[in-house]
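A short worksheet on the structure shown next.
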Amino acid sequence: MTSCDNFEEIKYKGFKSIVLKEFSKDGILLDVVITIDNPNSMSFSVVDTDLDFYLNDTYAGKAVLLNKIKIEPHLERDYTVSLKSNLEN
């Protein structure tokens with residue numbers, strides 16, 4: 001039997017790259033490569049986000065996740081996160 005009491009914090013180690021895929025009046029599409037360290041014995045998936053998007057320290061709208069991300073167990077690795085933000089300002 002496994003206990004959730006032994007769950008260790010997942011660590012965001014930073015980003016490696018940001019690729020601007022599209023910039024238009026309709027919004028911004030980005031691919032961001034981030035490094036995540038999951039020291040736990042179980043994987044999990046990120047299917048939804050609640051992110052605020054800023055351009056030059058000015059709020060530009062919400063960013064939504066376009067792809068499901070499966071965080072692998074016992075592994076530090078890079079993940080590509082596809083985001084879309086509809087510009088509000």
Side-chain angles (χ1 to χ4, degrees):
M1 186 165 144
T2 304
S3 170
C4 289
D5 293 337
N6 297 328
F7 187 81
E8 294 182 52
E9 181 178 337
I10 289 24
K11 294 180 180 91
Y12 164 74
K13 300 288 208 152
F15 68 90
K16 294 224 173 167
S17 67
I18 298 175
V19 176
L20 178 63
K21 305 288 273 184
E22 181 181 313
F23 187 89
S24 70
K25 65 178 179 10
D26 296 323
I28 297 172
L29 292 175
L30 297 172
D31 279 346
V32 181
V33 178
I34 60 172
T35 305
I36 300 289
D37 179 18
N38 181 8
N40 299 290
S41 61
M42 62 184 211
S43 65
F44 67 95
S45 294
V46 178
V47 296
D48 192 17
T49 59
D50 183 19
L51 301 172
D52 292 329
F53 187 73
Y54 288 82
L55 289 171
N56 296 327
D57 295 326
T58 301
Y59 179 75
K62 290 287 188 184
V64 295
L65 183 66
L66 297 178
N67 61 320
K68 176 178 148 180
I69 304 163
K70 183 177 180 185
I71 307 297
E72 301 293 338
H74 292 296
L75 192 60
E76 178 178 317
R77 70 166 274 214
D78 296 339
Y79 297 90
T80 300
V81 178
S82 297
L83 299 169
K84 180 177 183 177
S85 178
N86 294 327
L87 301 176
E88 291 187 8
N89 293 332

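Every heavy atom of this structure was used, including side-chain atoms; hydrogens, water molecules and symmetry mates were not.
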Task: Atom NZ of Lys62 with >12 non-hydrogen neighbours under 6.0 angstrom - done: yes
Open item on the list: To the closest 0.5 Å, what do you measure between CD1 (Ile18) and CD1 (Ile34)?
Closed with: 10.5 Å
TODO: Specify the closest pair of heavy atoms between Asn67 and Ser82, including all atoms of both residues, with the distance to one decimal.
DONE: OD1-N, 2.9 Å
Task: Min side-chain heavy-atom separation Leu75-Asn38 under 4.5 Å - done: no
Task: Approximate separation, where rounding is to 0.5 Å, of Lys21 NZ and Asp31 CG - done: 5.0 Å
- [ ] Spell out, yes or no, whether Ile69 and Val64 are grouped together once hydrophobic residues are joined by side-chain heavy atoms under 4.5 Å, including indirect joins.
- [x] no
Open item on the list: Minimum heavy-atom separation for Glu8 and Asn40, please, with both atom names.
Closed with: N-OD1, 2.6 Å
Task: Nearest non-hydrogen partners of Pro73 and Ser43, listed with the distance - done: CD-CB, 3.6 Å
Task: Hphob cluster co-occupancy, Leu51 + Ile28, side-chain heavy atoms under 4.5 angstrom - done: yes
Task: Atom pair CG (Leu83) and CG (Leu29), whose distance is rounded to the nearest 0.5 Å - done: 9.5 Å
- [ ] Indicate if Val47 and Tyr12 have the same hydrophobic cluster label, given that clusters are the connected sets of ILVMFWY residues with side-chain heavy-atom separations under 4.5 angstrom.
- [x] no
Task: Atom pair OG1/NZ of Thr80 and Lys16 - distance to nearest 0.5 Å - done: 11.0 Å
Task: Taking every non-hydrogen atom, the tightest pair across Ser45 and Lys68 - done: OG-CE, 3.5 Å
- [ ] Look at the side-chain heavy atoms of Ile, Leu, Val, Met, Phe, Trp and Tyr, link any pair under 4.5 Å apart, and say whether Ile71 and Leu66 land in one connected group.
- [x] no
- [ ] Flag yes if Met42 and Ile36 sit in one hydrophobic cluster, no otherwise; membership is Ile, Leu, Val, Met, Phe, Trp, Tyr, and two members link when side-chain heavy atoms are under 4.5 Å apart.
- [x] yes
Open item on the list: I need the Arg77 CZ to Glu72 CD distance, nearest 0.5 Å.
Closed with: 6.0 Å
Task: Within 6.0 angstrom of Glu22 CD, more than 12 heavy atoms from elsewhere - done: yes
Open item on the list: Counting only heavy atoms from other residues, nucleotides and ligands, does the tally under 6.0 Å from CZ of Phe44 exceed 12?
Closed with: yes
Open item on the list: Within this structure, what is the CZ-CG distance for the pair Phe53 and Asn86, rounded to the nearest 0.5 Å?
Closed with: 11.0 Å
- [ ] Considering non-hydrogen atoms only, spot the tightest contact between Val46 and Leu65 and give its length.
- [x] O-CD2, 3.6 Å
Task: Nearest heavy-atom neighbours spanning Ser85 and Ala60 - done: OG-O, 4.2 Å
